[in-house]
Amino acid sequence: MVRYGYACINLSLVESLGKAAPTTNRTMIKKTFDQKGEDWASQLALQNCRDILPILQWNLENGIQLFRLSSSVFPWASEYRIEELKDITEIKLALKIAGDFTKANGMRITSHPGPFNKLCSERESVVTNTIRDLEIHGEVFDMMGLDQSHNAKINIHLGGAYGEKDMAISRFITNFFRLPYSVSSRLTVENDDKASLYSTKELVELLHPETGIPIVHDQHHHTFCDGGLTQEEGMRLAATTWKPGIRQVIHYSESRSVEAGDPKIKPQAHSDFIKNRIETFGMDIDVMIEAKGKDLALLKYLSLHN
DNA sequence: ATAGGTCAAGCGAGG
DNA sequence: CCTCGCTTGACCTAT
């Protein structure tokens, strides 16, 4: 059976509860962090962590077992040690409760650290910052007690070519082996949405063999960088990189430009809703919906197609 | 109270 | 050289 999920924000709860809706995205700008410091970050993080559970409960009630956790649960996490936060005891408790709920109900939590994560960068400072950001994701998943496997995947892009793709892949592989196990055991890599970058085919053939990293096939991105493969070929090829017992994940979204009928919008931009039927070719996989309409888009899709 | 401008980080595409 | 798009809009201040 195909399972579907959505990313980071629950808009149904915002619709019904307004400002009281649970959110994991409280953060602050740099100026505020400089003024209020770590203790305020601790308070925001605690509130974010406590709000994971009600979102998961809503997901369960609505038959949604797949959820991407926001990367901004801990504001400015690269600037302090989570273990040393003022509210760490309560934070850990909230994360453990959310993680236990996830496992007890057969649900799956994933993450997608941002586009600033460049493990293939030529600059050591960029790589160091990337490793730090990824470490934080691994640490949060560890505190939730989630598996150190690609079930709780931490998904990033390769994302840079620097005019020499071979060299960039080589740097990525070297730096992959610098990651702590909490990250390396969970890391997946997704195909890019530019023809100059990396297709599913390239990732499967050039990145997977040396690292064992499973490849996430994004159907929308594939339309901009297909490596000569059809969607079905891409999905089936990516499937070979996932270990037995771990469900393959693919991403799905549609073009905002097409949805809005506005050629000025970049074709890569994500649509609000899902219009077409998602083709899964009879495969038993998890589909992450990346639409701006979040759970609203998913519920609407399921009501029309399930 | 709300609207509008602003906001850490990397890269590549397009104007 | 600037803006957008991507992981995900949220924050802050002036009105």
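Basis for what follows: all heavy atoms, side chains included, without hydrogens, waters or symmetry-related copies.
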Options [options], nucleotide nearest the side-chain atoms of [X]:
X: A:His270; options: B:dG10, B:dC11, C:dT8; answer: C:dT8
X: A:Arg26; options: C:dT8, B:dC11, C:dC11; answer: C:dC11
X: A:Lys30; options: B:dG10, C:dC12, B:dA8; answer: B:dA8
X: A:Ile9; options: B:dG10, C:dC11, C:dA10; answer: C:dA10
X: A:Ala269; options: C:dG9, C:dT7, C:dC6; answer: C:dC6
X: A:His112; options: C:dT7, C:dC12, B:dA13; answer: C:dT7
X: A:Ile29; options: B:dC7, C:dC6, C:dT8; answer: B:dC7
X: A:Met28; options: C:dC11, B:dG10, C:dA10; answer: C:dC11
X: A:Tyr162; options: B:dA13, B:dC11, C:dT7; answer: B:dC11
X: A:His157; options: B:dC11, C:dT7, C:dA10; answer: C:dT7

Classify the ring geometry between [X] and [Y] as parallel (under 30°), tilted (30 to 60°) or perpendicular (over 60°).
X: A:Trp58; Y: A:Tyr6; result: perpendicular
X: A:His270; Y: A:His220; result: tilted
X: A:Trp242; Y: A:His150; result: perpendicular

Euclidean distance, atom [atom1] of residue [X] to atom [atom2] of [N] [Å, nearest integer]:
X: A:Asp133; N: C:dT8; atom1: CG; atom2: P; result: 15 Å
X: A:Ile136; N: B:dA8; atom1: CD1; atom2: P; result: 17 Å
X: A:Asn48; N: C:dA10; atom1: CG; atom2: C1'; result: 11 Å
X: A:Glu124; N: B:dG10; atom1: CD; atom2: C1'; result: 15 Å
X: A:Asp193; N: C:dT7; atom1: CG; atom2: P; result: 7 Å
X: A:Met288; N: C:dT8; atom1: CE; atom2: P; result: 9 Å
X: A:Asn155; N: C:dC6; atom1: CG; atom2: P; result: 15 Å
X: A:Tyr198; N: B:dA13; atom1: OH; atom2: P; result: 11 Å

Problem set entry | Passing candidate, salt bridge (Lys or Arg N to Asp or Glu O under 4.0 Å) with A:Asp286, options A:Arg68, A:Arg3, A:Lys153 |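 So the option named by the test is A:Arg3.
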How far, in whole Å, is [M] from [N] if one measures between their [atom1] atoms?
N: B:dT6; M: C:dC4; atom1: P; result: 12 Å
N: C:dT7; M: B:dA1; atom1: P; result: 37 Å
N: B:dC7; M: C:dT8; atom1: P; result: 23 Å
N: B:dC11; M: C:dG9; atom1: P; result: 23 Å
N: C:dG5; M: B:dA3; atom1: C1'; result: 24 Å
N: C:dA10; M: B:dG10; atom1: P; result: 23 Å

Problem set entry | Side chain proximity check, A:Ile213 to A:Phe176, heavy atoms < 4.5 angstrom |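 Touching, per the 4.5 Å side-chain cut-off.
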Once you apply a heavy-atom cut-off of 4.0 Å, does [X] come out as touching a base, just sugar-phosphate, or nothing?
X: A:Phe33; result: nothing
X: A:His221; result: sugar-phosphate
X: A:Lys194; result: base
X: A:Asn129; result: nothing

Exercise. Do you reckon A:Tyr252 sits in the same ILVMFWY cluster as A:Phe281, going by side-chain contacts under 4.5 Å, direct or chained?
Worked result: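 Yes, it is one cluster - the side chains of A:Tyr252 and A:Phe281 are joined through contacts under 4.5 Å.
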Problem set entry | Cluster link A:Val249 to A:Ile215, ILVMFWY, side chain under 4.5 Å |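 They do not share one cluster, since no chain of ILVMFWY contacts under 4.5 Å joins A:Val249 to A:Ile215.
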Exercise. For A:Lys292 and A:Lys31, take the nucleotide of DNA chain C holding the closest heavy atom to each; which residue's nucleotide lies nearer the 5' end?
Worked result: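 Residue closer to the 5' terminus by nearest nucleotide: A:Lys292.
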Problem set entry | 5′-ward residue of the pair A:Thr27/A:Ile289 relative to DNA chain C |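 Whichever sits nearer the 5' end wins; that is A:Ile289.
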Counting only side-chain nitrogens and oxygens, does [X] get under 4.0 Å of the OP1 or OP2 atom of [N]?
X: A:Lys264; N: C:dC4; value: no
X: A:Ser111; N: C:dT7; value: no
X: A:Thr130; N: B:dG10; value: no
X: A:Arg123; N: B:dC11; value: yes

Problem set entry | Strand contacts (DNA chain B) in residues 53-86 of chain A, 4.0 angstrom heavy-atom criterion | A:Trp76, A:Ser78
Exercise. If you measure from the ring centre of A:Phe116 to the centre of the six-membered ring in the base of B:dA9, is it under 5.5 Å, with the planes under 30° apart?
Worked result: yes
For this session: Report yes if a donor N or O on one partner sits less than 3.5 Å from an acceptor N or O on the other, where the partners are the side chain of A:Lys266 and the base of C:dC4; otherwise report no.
Result: yes
Test: [X] and [Y] ion pair at under 4.0 Å:
X: A:Lys96; Y: A:Glu90; answer: no
X: A:Lys201; Y: A:Glu233; answer: no
X: A:Lys292; Y: A:Asp272; answer: no

Exercise. For C:dT8, which nucleotide is its Watson-Crick or G-U wobble mate, given both distances must be under 3.5 Å?
Worked result: none
Problem set entry | Watson-Crick or G-U wobble partner of B:dA9, both distances under 3.5 Å |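 WC or wobble partner does not exist here.
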For this session: Rounded to the nearest 0.5 Å, what's the gap from CG on A:Asp87 to CD1 on A:Ile82? Could you check?
Result: 13.0 Å
